[in-house]
A.B. asks: 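Have a look at this one before I ask anything.
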Amino acid sequence: MLSISVEEFLFWKKNQLSKGGDQKSFAVLLDCIGGISTNDLNLKIINPERNLHLKKNLDFLESIWNEHLLKSCPIQYLCGITFWRDLKLKVSNKVLIPRPETELIVDIVYDKFRKKSEKLFFAELGTGSGAISIALALAYPFSEGVATDIDKEALEMATKNFINSSKQTNLKFYCGNWWSPLESFKGKLDLAISNPPYIPIDTYEKLPKEVKNFEPKVALIGGEDGLKHIREIIQKAPLFLKKNGWLILENHFDQSEKVKQLFFKSKFTSIEIVKDLSGIGRFIIGRYK
């Protein structure tokens, strides 16, 4: 542990942020590499006569911050960690950095299944870091979950994240494309969730470089119109859902009406567009009867 005065640290922090970047990214760096959370830092500022204790020296932290600014590499990849809901997850460039808006998927599930004692059987397709599945497995400890991903390295990371987050064993991981690893679970799912690749190819080319240059292309592009994977998931969902089972999908900001129509074509009912915190129709939910 390296000891440093609060005054010296705050001066250094001010200098780093004056170069660019944002407070949230800097907080991730301090927590993941420096070993000091925002709450810890705020407490120390209240008592400035006490020293801060860092896991790494300021030069090392500064070198990572400089790389983040110079290359536009997401700070989460440089640190190998991201925070999502109340989870601390390992990430690499094999998985998308889970977005704050995706947290609402978990809240939608909470709204539909309000008893945490329920024994659900749920699936997540394209789990990446495992964020959604892990959050649900922890929230519904009597449930069973399965999560798929086409990338073996992503699944290894998701598995580690689950082990690091819980002592539970109610979540299993399967390698394969969308529904293909789940053939033995046809007609058994109460709930299926996915945040699939939904960005049209033309839109992908215009993405910020911190996304396009670093996050996995396979987890972003959804074909010419962005709906290639969404179509496949919706069309095959009735084979895997129980009667009255729910499907919840995240979509691009301008796709909700089109995705809603795909739900109708596959005979879903109780179809609803759910808006994110910015008022964008970010999710479609439907029930299969």
Side-chain angles (χ1 to χ4, degrees), residues 20-22 24-25 28 68-78 82 84 89 91-108 124-132 148-151 153-154 157 177-179 192-237 247-266 268 271-286:
D22 60 81
K24 281 188 176 180
S25 294
V28 172
H68 165 64
L69 297 177
L70 181 65
K71 298 181 180 179
S72 298
C73 182
I75 197 70
Q76 293 91 337
Y77 287 154
L78 293 172
T82 193
W84 191 82
L89 303 167
V91 290
S92 75
N93 60 6
K94 291 295 182 182
V95 300
L96 282 183
I97 299 164
R99 306 302 201 260
E101 58 266 25
T102 303
E103 295 183 16
L104 290 173
I105 282 185
V106 180
D107 294 326
I108 293 168
E124 184 195 3
L125 309 182
T127 191
S129 65
I132 296 170
T148 71
D149 203 284
I150 199 168
D151 190 287
E153 290 183 53
M157 186 160 291
N177 189 51
W178 306 130
W179 298 104
I193 318 108
S194 185
N195 176 18
Y198 51 63
I199 297 175
I201 290 175
D202 289 347
T203 303
Y204 175 80
E205 296 303 326
K206 301 169 188 173
L207 289 176
K209 57 184 177 181
E210 59 264 28
V211 176
K212 192 168 71 170
N213 291 357
F214 296 98
E215 300 207 55
K217 188 175 182 179
V218 68
L220 292 167
I221 296 178
E224 290 291 334
D225 63 355
L227 297 174
K228 175 185 175 182
H229 303 295
I230 287 175
R231 283 192 191 92
E232 180 179 349
I233 291 169
I234 294 172
Q235 286 170 2
K236 294 183 180 178
L247 177 63
I248 304 174
L249 296 180
E250 183 169 335
N251 54 253
H252 204 220
F253 70 90
D254 58 354
Q255 293 172 338
S256 57
E257 287 296 337
K258 292 179 181 177
V259 177
K260 185 177 180 181
Q261 290 306 312
L262 293 173
F263 270 71
F264 273 121
K265 286 180 182 178
S266 289
F268 280 84
I271 303 165
E272 183 183 348
I273 296 172
V274 180
K275 294 180 179 180
D276 63 17
L277 298 178
S278 300
I280 293 168
R282 181 66 64 180
F283 310 96
I284 306 292
I285 64 174

A.B. asks: Counting only heavy atoms from other residues, nucleotides and ligands, does the tally under 6.0 Å from NZ of Lys258 exceed 12?
C.D. replies: no

A.B. asks: Say whether, by atom type as modelled, one donor and one acceptor occur between the side chain of Lys212 and the main chain of Tyr204 under 3.5 angstrom.
C.D. replies: no

A.B. asks: If you measure from CG on Leu220 to OH on Tyr198, what distance do you get to the nearest 0.5 Å?
C.D. replies: 9.0 Å

A.B. asks: Given side chains that start at C-beta, do those of Pro196 and Ile233 come closer than 4.5 Å, heavy atoms only?
C.D. replies: yes

A.B. asks: Heavy atoms, side chains only, cut-off 4.5 Å: are His252 and Thr203 in contact?
C.D. replies: yes

A.B. asks: Give a yes or no on whether a salt bridge exists between Asp149 and Lys94, defined as a side-chain N under 4.0 angstrom from a carboxylate O.
C.D. replies: no

A.B. asks: If every non-hydrogen atom of Gln235 is compared with every non-hydrogen atom of Ser266, which pair is closest and at what distance?
C.D. replies: CA-OG, 3.8 Å

A.B. asks: Applying side-chain contact (heavy atoms from CB on, under 4.5 Å), run through Trp178 and Glu232 and close with a yes or a no.
C.D. replies: CA-CA 8 Å; Trp178 306 130; Glu232 180 179 349; 3.6 Å; yes

A.B. asks: Distance check, rounded to the nearest 0.5 Å: Lys71 atom NZ versus Asn213 atom CG?
C.D. replies: 11.5 Å

A.B. asks: If you round to the nearest 0.5 Å, how far is CD1 of Ile248 from CD1 of Ile108?
C.D. replies: 5.5 Å

A.B. asks: If every non-hydrogen atom of Ser194 is compared with every non-hydrogen atom of Leu125, which pair is closest and at what distance?
C.D. replies: OG-O, 2.8 Å

A.B. asks: Contact between Ser92 and Met157 at the side-chain level, heavy atoms closer than 4.5 Å - yes or no?
C.D. replies: yes

A.B. asks: Can you tell me how far the NZ atom of Lys228 sits from the CD1 atom of Ile201, to the nearest 0.5 Å?
C.D. replies: 8.5 Å

A.B. asks: Could you give the distance from CD1 (Ile193) to CD (Glu250), rounded to the nearest 0.5 Å?
C.D. replies: 12.5 Å

A.B. asks: Kindly give the heavy-atom pair with the smallest separation between Ala237 and Phe268, and that separation in Å.
C.D. replies: CB-CZ, 3.9 Å

A.B. asks: Are Thr82 and Pro98 close enough that some pair of their side-chain heavy atoms sits under 4.5 Å apart?
C.D. replies: yes

A.B. asks: Between Trp84 and Ile132, does the side-chain contact (heavy atoms from CB on, under 4.5 Å) criterion hold? Intermediate values first, please.
C.D. replies: CA-CA 9 Å; Trp84 191 82; Ile132 296 170; 4.0 Å; yes

A.B. asks: Starting from the C-alpha separation in whole Å, work towards a yes-or-no answer on side-chain contact (heavy atoms from CB on, under 4.5 Å) for Val95 and Asp151.
C.D. replies: CA-CA 9 Å; Val95 300; Asp151 190 287; over 6 Å; no

A.B. asks: Which heavy-atom pair separates Leu249 from Ile230 by the least distance, and what is that distance?
C.D. replies: CD1-CG2, 4.0 Å

A.B. asks: Show me the donor-acceptor pairs, under 3.5 Å and distance only, between side chains in residues 271-286 and residues at least two apart or in other chains.
C.D. replies:
unit_1: Asp276; atom_1: OD1; unit_2: Ser278; atom_2: N; d: 2.9
unit_1: Asp276; atom_1: OD1; unit_2: Gly279; atom_2: N; d: 3.2
unit_1: Asp276; atom_1: OD1; unit_2: Ile280; atom_2: N; d: 3.0
unit_1: Asp276; atom_1: OD2; unit_2: Arg282; atom_2: NE; d: 3.3
unit_1: Arg282; atom_1: NH1; unit_2: Asn251; atom_2: O; d: 3.4

A.B. asks: Asp225 and Leu227: which non-hydrogen atoms are nearest, and at how many Å?
C.D. replies: OD1-N, 2.9 Å

A.B. asks: Is the backbone of Ile97 close enough, under 3.5 Å, to the side chain of Glu215 for a donor and an acceptor to pair up by distance?
C.D. replies: yes

A.B. asks: Which heavy atom of Val218 sits nearest to which heavy atom of Pro197, and what is that distance?
C.D. replies: O-CG, 3.2 Å

A.B. asks: Using atom types as modelled and distance alone, determine if a side-chain donor or acceptor of Ser129 lies under 3.5 Å from a backbone N or O of Val91.
C.D. replies: no

A.B. asks: Are Phe214 and Asn93 side-chain neighbours, meaning at least one heavy-atom pair lies under 4.5 Å?
C.D. replies: no

